[in-house]
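Naming: A, B, ... by sequence-line order, numbering from 1 per chain.
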Amino acid sequence: MTGATRMKGATRMKGATRLICIVVLLALVLAPLGLPPFAMTLLTEAVILGLFAMSLDLMFGYTRLVSFGHAAAYGFGAYASGWLLLHTGMPLLFAVFAAGLLTGVLAIGIGWMCTLATGVSFSMLTLALAQLLYAISFKWTSVTGGSDGLAGIPRTIGPFGFAALSSKAGFYYLALGCLVGGFLVCFALVRSPFGAVLRGIRENESKTTALGYNTRLYKIAVVAISYGLGGLAGALYAPFAGFANTELLFWLLSGQVLIMVIVGGAGTLIGPVLGAAFFMLMEHQLSAWTEAWALYFGLIFIAFVLFAPEGIWGLATRRRRAHPRP
Amino acid sequence: MSGQFRPSRRAMLKVGLAATATVASPAVLRSARADTGPIKIGLPLALTGALGSVGQQQKRGAELWAKVQNAKGGILGRQIELLIEDTAGNPANCVRKAQEMVERRDCRLLTGITLSSEALAVVPKLAEWDSIFISSDNGDGRLTAESLVPNFFRANISGPMGTRAVSLYLRSAKLQKFYALGLDYAWGHNSVQVFEQETTKSKKEFIGKVFAPTGTKDYSPYITKIRQSGADAVFLVLQGDDNNAFLSQAQQYRLPEKVKLLTEIVDLTSIRAVGDASLGLIGSSRYSFTYDHPLNAEFVALWKKEHNTVPDTFEGEQWQCMKVFEAGIVKAGGIEAAKLRPALEDIEIESVKGKVHIRKCDHQGVQQGFMVEVVKKPGFDTPVPEVIATFPGDETTPTCNTMTFKD
Amino acid sequence: MSTFGLLLSQFADALSQSALLFFLGVGLTLIFGLMRIVNFAHGALYMLGAFVGYSLAHWSGNYWVALAGAPMLVGLFGVAFEFSILRRLYRRDAHAFLMVTFGLALVVGEAVRLTWGSDALKVAAPPALSGVIFLLDEPFPVYRLFLAATGIVVAVAIWQFLERSRLGLLIRATSQNAEMANALGVDIKLIRSCVFGIGCGLAALGGVLAAPLVTASNGMAATVIIDAFVIVIIGGMGSFLGSLIGALLIGFVQVFGNYYAPDFALAFMYLVMLVVLVVRPGGLLGKEA
């Protein structure tokens with residue numbers, strides 16, 4: 001029987017895991033003290049991408065909603081915060097969270113539309129909507145800057161004097177805070193009854209509906225939350241890189257973030273964060289070593305599929321399956 | 001079937017160590033000094049992807065210059081070290097690579113950013129990075145107009161300049177009615193707008209325009225539109241795959257027999273890709289090996305020896321750009337932005353395209369404009385761009401900080 | 001040009017464009033229908049077909065050799081890939097296929113660049129097809145008529161193959177219910193290899209046919225992969241007839257749409273897809289709800 005589903009399992013934290021997580025968190029918090037400037041730049045970007053990938057995991061890993069359009073969340077969040085920072089005096093902190101919130105609200109509509117279908121059709125609807133958003137941002141030059149996008153996005157300090165956030169280390173802490181905060185939100189969500197319903201939808205949607213749950217409503221909710229967090233990540237990216245452009249909305253990025261989740265380990269929340277960091281660092285380092293980097297990059301993914309199906313997190317945790325696969 | 005989440009402590013430790021190792025790896029932590037030692041020039045190029053052929057040209061142009069210059073002892077007695085990285089044409093990658101060159105490898109001189117979207121993302125950061133960027137192929141008019149920043153310089157011919165050359169040429173041509181087809185992004189819109197203004201100024205008729213998205217594979221609707229418009233000639237602002245697709249298909253529809261094809265950029269890669277479909281094409285050239293100038297003859301000979309072929313548009317432009325860098329660094333006596341910036345402003349060099357003068361007001365390199373026609377020539381297996389007109393730099397360069405022209 | 005002449009030539013344009021889109025889509029839908037694989041590498045295989053076609057044409061001096069040879073060679077490559085790698089993944093989640101085809105796309109894309117270089121390469125249409133015919137006094141490329149004709153021929157051939165031939169019957173049976181077909185003694189492994197190979201071959205056919213219009217270039221894969229998905233989704237994933245209808249719909253929308261409303265050129269495909277999916281979530285002829 002093909003595709004027999006495996007319970008990804010609630011992320012119950014055991015003692016040893018908790019200890020390691022605390023150590024890693026401590027290392028991340030202390031990073032600005034020890035790492036050189038560019039390593040900090042890379043780490044900040046990895047954190048932002050990690051949040052982006054983790055947000056998709058909520059939809060993909062926990063609810064089996066395959067989105068081919070998650071770049072829409074990232075790009076929209078980036079444009080929203082970029083626009084707010086460029087054209088209003090809104091300080092960094094507020095712009096970022098406002099943009100994330102806006103993305104979540106927009107995603108209710110997206111979720112409503114996409115959940116009209118299921119399976120591959122759902123995925124294609126997410127793609128269609130993302131590409132439409134791309135087309136709009138490309139053509140609506142007066143607001144989005146068209147093909148140029150928004151450039152020179154400032155990290156506005158604003159009247160409350162949150163100057164610290166605009167510095168390199170400060171911004172890193174903002175991003176890290178969002179990642180950790182986002183993780184805690186997702187973690188709480190998946191352990192809650194809401195999460196149980198999501199898993200029910202993942203395993204057997206018709207059964208879950210039969211049990212009396214309005215699965216569509218749950219799906220819309222998870223899309224909204226997922227896109228909202230993805231939008232938060234995008235909202236962080238714009239002031240980080242200083243620009244927002246149409247590439248951030250393009251389907252290529254949607255495909256890449258999906259791969260980040262899979263290679264990291266879907267349905268584990270932490271896995272996708274590692275997957276995102278892995279993807280970015282691998283691409284960055286490989287392209288520095290050889291022009292043929294894409295070849296090795298592709299081979300690495302094929303290797304993961306064949307030899308490490310549970311992804312990076314699976315490798316790290318070396319899951320023992322209850323029944324070995326034939 | 002449930003999967004038990006029971007990671008071993010050692011396994012968890014492994015993940016943590018691996019992550020730390022990657023971030024703290026020698027590759028990431030390595031830094032270098034900037035005051036002595038080699039002069040580093042960074043090129044975050046699109047070496048792979050759809051615009052890979054342009055990036056590869058820029059790479060070759062820079063590499064040959066560095067090789068020749070180093071053989072002469074470098075600049076100011078220091079050897080040149082090129083930092084060449086692949087961005088795959090992605091602005092996010094470009095910013096990251098450029099930032100790495102600046103922050104980790106202490107490189108404050110940048111050139112060779114292939115896509116305009118990449119350049120637009122990098123340019124606002126130049127001040128923060130205290131780095132000088134000299135463009136070798138970015139044509140967007142605004143980079144020397146509203147988007148100008150002090151650390152940006154342009155050694156190449158811009159979109160408006162190329163368009164202007166075409167317009168000046170048309171003033172004495174018999175063609176009266178014009179249509180325009182451009183790629184639907186900033187450069188396309190920009191150049192078509194300049195063309196429209198120029199056509200109106202010279203009292204000719206601008207019938208209409210249409211823009212095609214990048215990646216268009218079927219140009220038949222646009223070819224039909226051009227045919228239907230009744231124009232004598234069409235001004236094309238296309239490049240790369242789109243340019244090749246259009247030219248191939250236009251020839252299949254026998255469009256050039258009815259409507260003259262004019263273009264903003266002519267390059268050899270395109271000519272080779274479409275073959276005879278490029279014959280009769282008239283356009284502005286940013287660089288051609290057929291330019292008649294002693295320095296160009298020298299450069300072409302050098303190139304033939306190294307690569308067994310003639311240099312193409314962006315190879316020549318990159319070479320010229322490196323020459324500007326060279327002159328600037330020599331004049332400044334150093335590479336720090338504070339010294340190099342004023343040295344580059346108002347600098348004048350003799351280059352493969354003739355005289356190039358970097359204007360102080362908007363950092364644009366004022367240089368001759370060339371019009372070429374693609375013709376068959378004995379001794380070459382593909383058609384070549386022959387120079388049919390030359391215009392002095394002051395006539396083809398827009399007024400300072402704008403994309404408009406005086407007369 | 002008279003209005004009728006204009007419409008006629010646009011109609012012919014649309015047919016030829018639909019043919020190219022059909023070649024792209026039909027391979028993808030056959031693969032999905034049988035194996036539930038969303039083949040991210042489809043665009044890369046189309047590109048591979050164009051470049052292999054270039055080499056064959058270059059070596060033999062004859063386009064027809066390229067036309068026959070490229071689909072076969074790429075098809076064989078597809079079979080080899082299915083046999084060596086995909087075969088191990090059928091019992092796994094769909095994630096596996098997403099990632100493995102994503103990896104394949106990267107590998108093929110870079111392999112093409114390493115083998116043929118970064119510059120676009122010219123693939124000339126055969127002299128017999130390089131001329132024009134006159135549709136009401138306006139020149140129309142013979143090659144495009146050839147494309148439209150080839151599209152019709154291939155569509156009919158595949159239809160007959162699926163409906164009438166034994167292998168076609170087995171493919172349809174296995175698409176509907178692999179378990180049952182297996183229980184009835186059908187060699188599913190062989191069927192899967194064949195279909196994946198055929199799908200890849202069809203993508204390559206699209207590439208080699210498109211090459212005289214767009215040249216063989218490194219950017220090809222990225223520009224067609226979305227088109228392929230859109231066509232197949234509109235028609236209904238897994239439906240052969242659906243891919244034909246999808247191709248026709250998009251072909252006509254693009255040719256007429258880009259002419260009369262060029263500002264929406266970027267958005268047409270997605271608008272159509274959106275409308276179709278909202279009205280019929282499984283696609284026009286799809287089975288999924």
Below 4.5 Å, heavy atoms only, C-beta onward: do [X] and [Y] meet side chain to side chain?
X	Y	answer
B/Thr224	C/Leu6	yes
C/Pro141	B/Tyr253	yes
B/Ser220	C/Arg144	yes

Verdict with reasoning, B/Gln249 to C/Val214, per side chain to side chain contact (heavy atoms under 4.5 Å, CB included):
CA-CA 8 Å; B/Gln249 292 171 34; C/Val214 300; 3.9 Å; yes

Can B/Thr269 and C/Asp119 be counted as having a side-chain donor-acceptor contact under 3.5 angstrom?
no

Locate the shortest heavy-atom distance separating [X] from [Y]; write the atom from each residue and the value.
X	Y	value
C/Pro212	B/Ser248	O-CB, 4.0 Å
B/Gly52	C/Ser118	C-CB, 3.9 Å
C/Glu110	B/Thr48	OE1-CG2, 4.0 Å
B/Arg254	C/Gly131	NH2-CA, 3.8 Å
B/Ala273	C/Thr215	O-CG2, 3.6 Å

Segment of [X] engaging chain B (4.5 angstrom heavy-atom cut-off):
X	value
C/Ala222	neither
C/Asp263	neither
C/Ser130	backbone

Name the region of [X], side chain, backbone, both or neither, that has any atom closer than 4.5 Å to a heavy atom of chain C.
X	value
B/Leu47	backbone
B/Tyr222	side chain
B/Gln252	both

From [X] [atom1] over to [Y] [atom2], what is the distance, rounded to the nearest 0.5 angstrom?
X	Y	atom1	atom2	value
B/Lys217	C/Gln17	NZ	CD	7.5 Å
C/Thr223	B/Asp241	OG1	CG	7.5 Å
B/Tyr185	C/Leu266	OH	CG	14.0 Å
B/Asp218	C/Leu213	CG	CG	7.5 Å

Where the side chain of C/Lys122 meets the backbone of B/Arg272, is there a donor-acceptor pair that is under 3.5 Å apart?
no

Looking only at heavy atoms and a cut-off of under 4.5 Å, which of [options] has the most pairs with chain B?
options	answer
C/Gly219, C/Pro139, C/Gly251	C/Pro139
C/Val123, C/Asn218, C/Val132, C/Val142	C/Val132
C/Val224, C/Leu121, C/Asn258, C/Val255	C/Asn258

Looking at B/Pro213, B/Gly49, B/Ser53, which has the largest count of heavy-atom pairs under 4.5 Å with chain C?
B/Ser53

Looking at B/Gln251, B/Glu257, B/Gln57, B/Gln56, which has the largest count of heavy-atom pairs under 4.5 Å with chain C?
B/Gln56

